[in-house]
Amino acid sequence: MHATLDEMDELFNDTQSGFSIRYFERTELIGENGTFKVVVRHGDDIGYQDGKVFDYKSFREKFEDAELKKLCNEVSENKMTLLETDLDIAKRGIEGGMSAKTVSEILKIYGTYRCKDEKYIKEILKSEKVRESLKKFKDKQTSLNFGR
């Protein structure tokens with residue numbers, strides 16, 4: 001493959017195009033451009049491409065899955081990606097007997113950088129994992145109140 005170092009870095013970190021570059025090795029460097037040996041995984045049955053040489057544009061045309069990219073963009077626009085660390089903090093707080101308001105304040109302090117956004121915190125509290133813990137906690141409180 002013929003590409004610049006920046007183009008190779010972009011391709012290597014691309015997670016929404018339907019391919020995954022598993023390995024690349026620079027075999028030649030001429031100015032900004034280089035020649036790379038590349039190992040690519042791809043979901044579609046496009047066959048082996050051993051020995052074929054691509055430039056950045058032709059690589060994108062050959063390996064990029066337009067339908068998958070469109071689907072990924074739609075999902076990312078509609079639903080925020082929640083980080084597992086933040087979900088675990090919220091779940092442990094709820095299970096420890098804290099209210100949702102207290103958990104949101106804890107997330108602002110101890111959560112990841114995304115917890116600065118109120119919308120993100122609301123999505124965490126609405127998530128399946130946290131709602132399930134909150135329901136269990138409320139059921140437990142209700143059963144304890146009946147015993148008194």
Side-chain angles (χ1 to χ4, degrees), residues 1-140:
M1 175 169 203
H2 299 291
T4 66
L5 293 174
D6 290 337
E7 290 171 338
M8 283 307 298
D9 189 45
E10 183 181 322
L11 288 174
F12 189 75
N13 293 318
D14 190 343
T15 59
Q16 296 183 346
S17 295
F19 63 84
S20 172
I21 295 185
R22 309 302 259 178
Y23 168 81
F24 69 91
E25 175 185 359
R26 184 174 62 205
T27 57
E28 186 180 340
L29 182 64
I30 302 170
E32 290 252 336
N33 294 321
T35 303
F36 298 87
K37 180 180 178 181
V38 181
V39 176
V40 181
R41 298 283 171 144
H42 195 274
D44 289 342
D45 186 18
I46 58 174
Y48 290 97
Q49 302 295 314
D50 293 348
K52 295 190 179 172
V53 179
F54 298 94
D55 64 353
Y56 179 78
K57 186 178 178 185
S58 65
F59 180 87
R60 286 274 185 195
E61 289 171 358
K62 180 73 175 182
F63 291 95
E64 194 167 60
D65 188 342
E67 290 297 317
L68 181 63
K69 189 163 184 156
K70 181 181 172 189
L71 180 66
C72 288
N73 288 335
E74 287 174 4
V75 168
S76 65
E77 288 173 6
N78 294 334
K79 189 172 183 179
M80 201 178 292
T81 305
L82 304 176
L83 297 176
E84 198 66 34
T85 307
D86 297 330
L87 288 169
D88 287 339
I89 291 171
K91 184 179 176 186
R92 284 186 293 165
I94 296 294
E95 288 172 351
M98 297 179 185
S99 68
K101 185 176 181 178
T102 305
V103 169
S104 70
E105 293 300 316
I106 289 171
L107 282 169
K108 288 178 186 175
I109 298 168
Y110 297 107
T112 61
Y113 67 96
R114 289 182 163 187
C115 291
K116 305 294 181 224
D117 184 15
E118 283 292 325
K119 228 170 116 176
Y120 179 75
I121 291 176
K122 286 181 183 177
E123 287 296 318
I124 286 177
L125 295 175
K126 288 180 187 175
S127 73
E128 183 81 24
K129 193 174 190 179
V130 175
R131 276 189 303 156
E132 192 175 291
S133 294
L134 190 57
K135 186 176 186 287
K136 285 179 184 176
F137 177 72
K138 285 182 180 180
D139 290 345
K140 185 177 178 182

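Both backbone and side-chain heavy atoms feed into the values below; hydrogens, waters and symmetry mates do not.
Within 6.0 Å of atom CZ in R131, more than 12 heavy atoms from other residues, nucleotides or ligands are found, so the atom counts as buried in its surroundings.
Here the straight-line distance linking atom CE of M1 with atom CD of E7 works out to 7.5 Å at 0.5 Å rounding. For the atom pair M8 CE and E25 CD, the distance stands at 11.0 Å (nearest 0.5 Å). We find the CD1-OH distance between I89 and Y110 to be 10.0 Å, quoted to the nearest 0.5 Å. Note that CG of L29 is 6.0 Å distant from CG of L5, once rounded to the nearest 0.5 Å.
Proximity of a side-chain donor or acceptor of D86 to a complementary backbone N or O of T112 within less than 3.5 Å is detected. Judged by distance alone, the side chain of T35 and the main-chain N or O of T27 form no donor-acceptor pair under 3.5 Å.
Under the side chain to side chain contact (heavy atoms under 4.5 Å, CB included) criterion, N33 pairs with T4, sequence neighbours left out. With sequence neighbours left out, the side chain to side chain contact (heavy atoms under 4.5 Å, CB included) criterion links E95 to K91, S133. Partners of F24 by ring-ring contact (aromatic ring centres under 6.0 Å, His included), not counting sequence neighbours, listed by chain and number: F12, F36. The side chain to side chain contact (heavy atoms under 4.5 Å, CB included) test applied to V39 returns R22, Y23, not counting sequence neighbours. With sequence neighbours excluded, the residues that form a side chain to side chain contact (heavy atoms under 4.5 Å, CB included) with D55 are K57, S58.
Look at E10 and R60 and you find a salt bridge, because one of the NZ, NE, NH1 or NH2 atoms lies within 4.0 Å of a carboxylate O, short of that distance. A salt bridge links K135 with D139: the closest approach of a Lys/Arg side-chain nitrogen to an acidic carboxylate oxygen falls below 4.0 angstrom.
Put simply, the side chain of V40 does not reach to within 4.5 Å of the side chain of F54, judged on heavy atoms. Side-chain atoms of K136 and I94, non-hydrogen and from C-beta on, never get closer than 4.5 Å to each other.
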Test L83 against Y120 for side chain to side chain contact (heavy atoms under 4.5 Å, CB included), laying out the working first. CA-CA 10 Å; L83 297 176; Y120 179 75; 3.5 Å; yes
Identify every side-chain donor-acceptor pair in residues 96-109 under 3.5 Å, counting partners at least two apart or on other chains, and give the distances.
{"residue": "S99", "atom": "OG", "partner": "T102", "partner atom": "N", "Å": "3.2"}
{"residue": "S99", "atom": "OG", "partner": "T102", "partner atom": "OG1", "Å": "2.9"}
{"residue": "S104", "atom": "OG", "partner": "K101", "partner atom": "O", "Å": "2.7"}
{"residue": "E105", "atom": "OE2", "partner": "K108", "partner atom": "NZ", "Å": "3.4"}
{"residue": "K108", "atom": "NZ", "partner": "E118", "partner atom": "OE2", "Å": "2.5"}

